[in-house]
Amino acid sequence: MKVGIAGFSGCGKSTVFQWLTGKKPDPAAVQRGGQAVEADVPDERLDWLSAHFKPKSTKHARITLLDLPGLDPAERRDNPRRLGILRDANGLVIVLNGFGGGDLAGELRRFREELLFADLEIVSNRADRLVNQLKKPRPAKEKDIDQAELDLLKRIIATLEAGQYAGTLGLKEDEEKSIRSLALLTLKPEVVLVNVGDASLGQPLPADLLALALGALTAPAKLELELAELSEEDRQAFMQDLGLSGFSAGKTLRDLYYGMGQIVFFTVGEDECRSWNMLGGGTAVDGAAEIHTDLANRFVRAEVVGYEDFRRVGSMKEAKAHGVYRLEGKTYLVKDGDIMHIL
């Protein structure tokens, strides 16, 4: 899963990128087409399962974070090109500048306007091509398909021009499929992340911002990067003064992961314990496909135990004895924390 980190120039998104990935930003790579780095999503449940099974290897679910050039409000013509880097991402993290005491809600509105503008340009261009295409002599069936897409694009254009995300239309699965190639930014899941300093630690986010982004997160990225460079003794002293019990990058990675609509399921054994990425609402077959397409194609059933149940009873044998071991079919909806064995 790839998540794009975006924001206006000066918001500190590259600092956030380094904080979350542990990799220093490469300005040249960012300008060429974005810098992408994979990061493990920490999960205490996988840590416990690994300690329990003592496998040869342990693998966490991973998230790819993509840093791109900051947007310049004064150079709006170039912003759609920069945002275009995000079109193959599965979701967006919008970083806001929480250092300067500015209007965070206003900054978020302006950035969302850039997303609307970028999508409006690509949708309008596609609609214009369809209009010209419909004027040409072609089979009726092909024209019907083009006309249906054009009608949908007109609905999206009207929504964007009204200042609303395309996601507010509640598109049907076949409608989303017909415009998937456009990779609209306003259809992607979004998390708002406020980059804050030590002066803002523990302070609530403004109510007007939360009205726009209820699940907005805070990121003390610069502070935690600086603390990480100190000696252990100095770091503990500073953290005590600041009222910090630990670093928060791992928790933020988990929050971003789940904010993108993802869940985790586990496979366990003596060879490997592993957590797997999966879009929430998927079936056991979808989960099998995350492991290998052959497992999905040859799927018979899934052996399933919830993590909490397994930890409570302590073994697969006891899971069967206590009735928490289940055999599920193709239509089973996987739950976050399921331990699965695909047959």
Side-chain angles (χ1 to χ4, degrees), residues 1-8 13 17 29-38 62-71 76-95 108 110-133 145-146 148-193 213 256-262 277-282 286 289-290:
M1 182 184 65
K2 182 186 290 186
V3 176
I5 301 177
F8 288 119
K13 59 176 185 52
F17 174 83
V30 171
Q31 290 297 327
R32 281 196 305 271
Q35 180 183 4
V37 173
E38 279 192 322
R62 309 206 82 191
I63 182 172
T64 298
L65 296 173
L66 175 67
D67 190 18
L68 73 152
L71 302 191
R76 200 166 198 180
R77 288 185 178 180
D78 192 47
N79 287 340
R81 179 192 64 79
R82 294 187 174 191
L83 288 170
I85 300 170
L86 294 174
R87 293 206 179 274
D88 69 339
N90 303 103
L92 310 179
V93 176
I94 299 176
V95 179
L108 178 58
R110 290 191 297 275
F111 192 86
R112 285 176 171 171
E113 287 174 1
E114 297 293 346
L115 298 179
L116 291 167
F117 180 75
D119 274 1
L120 184 58
E121 181 178 68
I122 197 169
V123 174
S124 297
N125 289 341
R126 173 61 180 166
D128 289 343
R129 287 195 295 271
L130 284 173
V131 168
N132 292 329
Q133 198 165 293
I145 294 173
D146 287 347
E149 183 183 347
L150 180 59
D151 292 342
L152 173 59
L153 294 180
K154 287 180 178 178
R155 287 169 53 203
I156 294 174
I157 289 171
T159 301
L160 296 173
E161 288 180 337
Q164 299 294 320
Y165 272 23
T168 63
L169 283 169
L171 299 180
K172 299 176 182 177
E173 185 177 348
D174 61 330
E175 291 177 324
E176 285 198 14
K177 185 177 180 180
S178 71
I179 59 167
R180 191 169 294 162
S181 63
L182 300 181
L184 297 184
L185 302 173
T186 57
L187 281 177
K188 298 181 185 296
E190 172 191 287
V191 172
V192 174
L193 191 65
L256 293 181
Y257 180 86
Y258 286 105
M260 296 298 143
Q262 298 286 313
N277 298 336
M278 184 176 174
L279 189 63
D286 296 325
E290 293 294 332

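Side chains are part of it too, since the values below use all heavy atoms of this structure and drop only hydrogens, waters and symmetry mates.
- Distance alone, capped at 3.5 Å, places no donor-acceptor pair between the D67 side chain and the F17 backbone.
- Note that CG of L184 and CG of L171 are 8.5 Å apart. Values are rounded to the nearest 0.5 Å.
- With sequence neighbours excluded, the residues that form a side chain to side chain contact (heavy atoms under 4.5 Å, CB included) with Y258 are D43, R45, V264, D336.
- Within the 4.5 Å cutoff, side-chain heavy atoms of L279 are placed close to those of Q262.
- Between the K154 side chain and the A127 main chain, no donor and acceptor come within less than 3.5 Å of each other.
- Taking 4.5 Å as the limit, every side-chain heavy atom of V95 sits out of range of all side-chain heavy atoms of F111.
- Between P69 and I85, some side-chain heavy-atom pair lies under the 4.5 Å cut-off.
- Rounding to the nearest 0.5 Å places OH of Y165 at 9.0 Å from CG of D119.
- Rounding to the nearest 0.5 Å gives a distance of 9.5 Å between CG of L150 and CZ of R126.
- Taking the charged nitrogens against the carboxylate oxygens, R155 and E175 do have a contact shorter than 4.0 Å, which makes a salt bridge.
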Side chain to side chain contact (heavy atoms under 4.5 Å, CB included) evaluation trace for E149 with L153: CA-CA 6 Å; E149 183 183 347; L153 294 180; 4.1 Å; yes

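- For the residue pair N277/Y257, the side-chain donor-acceptor check at 3.5 Å is satisfied.
- L108 contributes atom CG, which lies 10.0 Å from atom CD of E113 (distance to the nearest 0.5 angstrom).
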E190 and L185: CA distance, side-chain angles, deciding distance, side chain to side chain contact (heavy atoms under 4.5 Å, CB included) verdict: CA-CA 9 Å; E190 172 191 287; L185 302 173; over 6 Å; no

Intermediate values then yes/no, side chain to side chain contact (heavy atoms under 4.5 Å, CB included), V3 and L256: CA-CA 9 Å; V3 176; L256 293 181; 5.7 Å; no

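- Judged by distance alone, the side chain of N90 and the main-chain N or O of K2 form a donor-acceptor pair under 3.5 Å.
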Candidate pair I179 and L187, rule side chain to side chain contact (heavy atoms under 4.5 Å, CB included), full reasoning: CA-CA 11 Å; I179 59 167; L187 281 177; 4.0 Å; yes

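- Atoms NZ and CG, from K188 and L86 in turn, are 8.0 Å apart once rounded to the nearest 0.5 Å.
- At a threshold of 4.0 Å, the pair D146-R129 does not count as salt-bridged, since none of the basic side-chain nitrogens sits closer than that to a carboxylate oxygen.
- Nearest approach of A89 to G4, heavy atoms of both residues: CB-N, 3.9 Å.
- Once rounded to the nearest 0.5 Å, the distance linking CD1 of I5 with CG of L66 reads 8.0 Å.
- The closest donor-acceptor contact from the side chain of R82 to the backbone of L71 lies at 3.5 Å or more, if one exists at all.
- Between R112 and T186, the closest side-chain pair of non-hydrogen atoms is not below 4.5 Å.
- When every heavy atom of P189 is checked against every heavy atom of G259, the shortest pair comes out as CB-O, 4.2 Å.
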